[in-house]
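In what follows, residues are counted from 1 in the order of the sequence shown. Because the structure is a prediction, the values reported are computed rather than measured.
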Amino acid sequence: MNLPNAITILRVALVPLVAWLLFQPSPTLRVLSFVVFLAAALSDLVDGSLARSRGEITNLGKLIDPIADKLLLTVTLISFFILTRGDPGLGGIPLFGGIATWVLVVFIGREAIVTALRGAAAHRGVVVAAGPSGKRKALAQNVFLGAMILWIAYRTAAALNGWTGTLNGFWRGFHGWFTTISLLVALALTVYSLAVYLAVFRRVLSADPGADGFDQPRGG
């Protein structure tokens, strides 16, 4: 156990707290869910950087870091799906409304496929690190997740307080479209990064462990 791994384990512990706060019908607690989510997302930058700078990359870190990332994504997405299906008033983002089943399939399916292929590569003694496309994908997903948490908090507050008027209409349009655009970007980068990883894994599984993209850093 070292500091980077302790931070990663803390991120895992924060995941259920993000979901629990999100399910509370209080705008304040839903904003708090965003704060906890932001802390968890930023910790992903901190633990990997610390592990590399301190020379503390460990097998435990390589195992739990991608698990923590995928848990945060999956649990938060499923929470959105349940909340917007159960109360359509919490959805309402342009083009999408709530979070559809196919959105879950794209995000979670990509993670499942890459995880399975990483396992196959590991059996050949090759660790496939997160590349630039995977890191951009993760950033875009976190921007969308954070925007959607705040959207749900805003919709909760608007319904409880009966907000109307020009300012409310402006914020609803701005925030709604920001959330939609961030979702579209995250979906596009998720599909693109999957295509990139499939090409990498094709090289790995057909044989050249010395090719670019095969190394030891933490990341998902």
Side-chain angles (χ1 to χ4, degrees), residues 1-83 99 104 107-116 118-119 122 127-153 156 179 182-183 186 189-190 193 197 215-220:
M1 179 59 66
N2 55 37
L3 180 58
N5 290 345
I7 293 172
T8 306
I9 291 170
L10 175 61
R11 183 158 76 257
V12 173
L14 290 177
V15 171
L17 181 58
V18 170
W20 183 83
L21 289 168
L22 196 51
F23 274 98
Q24 305 311 305
S26 159
T28 301
L29 292 180
R30 284 173 169 165
V31 169
L32 185 55
S33 175
F34 168 77
V35 173
V36 176
F37 170 82
L38 187 62
L42 291 176
S43 75
D44 186 31
L45 302 176
V46 174
D47 60 3
S49 178
L50 278 176
R52 288 186 291 273
S53 66
R54 294 160 61 112
E56 293 181 345
I57 296 173
T58 65
N59 288 332
L60 175 63
K62 292 178 198 175
L63 174 67
I64 62 175
D65 187 67
I67 290 174
D69 298 341
K70 289 166 178 51
L71 274 175
L72 184 62
L73 171 70
T74 302
V75 170
T76 309
L77 271 175
I78 291 174
S79 298
F80 293 161
F81 177 77
I82 294 170
L83 285 167
I99 302 302
L104 291 184
F107 283 129
I108 298 174
R110 183 268 183 199
E111 303 305 325
I113 291 169
V114 171
T115 298
R118 272 205 173 106
V127 174
V128 180
S133 66
K135 293 172 183 176
R136 287 192 291 268
K137 175 270 305 179
L139 175 61
Q141 287 177 345
N142 283 337
V143 170
F144 160 65
L145 294 174
M148 189 68 190
I149 293 173
L150 286 178
W151 175 256
I152 289 174
T156 305
T179 305
S182 68
L183 174 54
L189 288 177
T190 296
S193 71
Y197 276 93
D215 50 31
Q216 299 292 330
R218 297 151 62 103

message = Distance check, rounded to the nearest 0.5 Å: Leu45 atom CG versus Ile7 atom CD1?
response = 11.0 Å

Contact summary for Ser182 and Val143, nearest pair of heavy atoms = CB-CG1, 4.1 Å

inquiry  = The test is side-chain contact (heavy atoms from CB on, under 4.5 Å); show your working for Arg11 and Asp69 and say whether it passes.
reply    = CA-CA 8 Å; Arg11 183 158 76 257; Asp69 298 341; 3.0 Å; yes

query = What distance do Ile108 atom CD1 and Phe81 atom CZ have between them, rounded to the nearest 0.5 Å?
reply = 9.5 Å

inquiry  = Over 60° means perpendicular and under 30° means parallel, so tell me whether Phe144 and Phe80 are parallel, tilted or perpendicular.
reply    = perpendicular

query = Quick one: CZ on Arg136 to OG1 on Thr190, what's the gap to the nearest 0.5 Å?
reply = 12.5 Å

Close side-chain approach of Thr74 and Glu111, heavy atoms under 4.5 Å = no

ask   = Gln24 versus Leu32: any side-chain heavy-atom pair under 4.5 Å?
value = no

message = Please evaluate residues Leu83 and Arg30 with respect to the criterion side-chain contact (heavy atoms from CB on, under 4.5 Å), reporting the C-alpha separation (whole Å), side-chain torsions for both, the decisive distance (0.1 Å), and the verdict.
response = CA-CA 12 Å; Leu83 285 167; Arg30 284 173 169 165; 3.7 Å; yes

query = What is the distance from atom CG of Leu10 to atom CG of Asn5, rounded to the nearest 0.5 Å?
reply = 12.5 Å

inquiry  = Give me the atom names and distance for the closest heavy-atom approach of Leu72 to Ala40.
reply    = CD2-CB, 4.0 Å

key: Step-by-step side-chain contact (heavy atoms from CB on, under 4.5 Å) determination, Ile152 to Phe34   = CA-CA 10 Å; Ile152 289 174; Phe34 168 77; over 6 Å; no

Worked verdict on Val12 versus Ile64 for side-chain contact (heavy atoms from CB on, under 4.5 Å) = CA-CA 9 Å; Val12 173; Ile64 62 175; 5.5 Å; no

key: Rounded distance [0.5 Å steps], CZ in Phe37 versus CG in Leu42   = 9.0 Å

query = Can you name the closest pair of heavy atoms from Val15 and Leu71 and give their distance?
reply = CG1-O, 3.8 Å

ask   = Do Ser33 side-chain atoms and Leu29 backbone N/O form a donor-acceptor pair below 3.5 Å?
value = no

request  = Return the minimal non-hydrogen interatomic distance between Asp65 and Thr8, and the atom names on each side.
outcome  = CA-CG2, 3.6 Å

note = With sequence neighbours left out, the residues meeting side-chain hydrogen bond (donor to acceptor under 3.5 Å, both in side chains) with Thr179 are none

key: Steps toward side chain to side chain donor-acceptor pair (under 3.5 Å) verdict (Arg110, Ser193)   = CA-CA 9 Å; Arg110 183 268 183 199; Ser193 71; 3.2 Å; yes

query = Can you tell me how far the CD1 atom of Ile82 sits from the CD1 atom of Ile99, to the nearest 0.5 Å?
reply = 12.5 Å

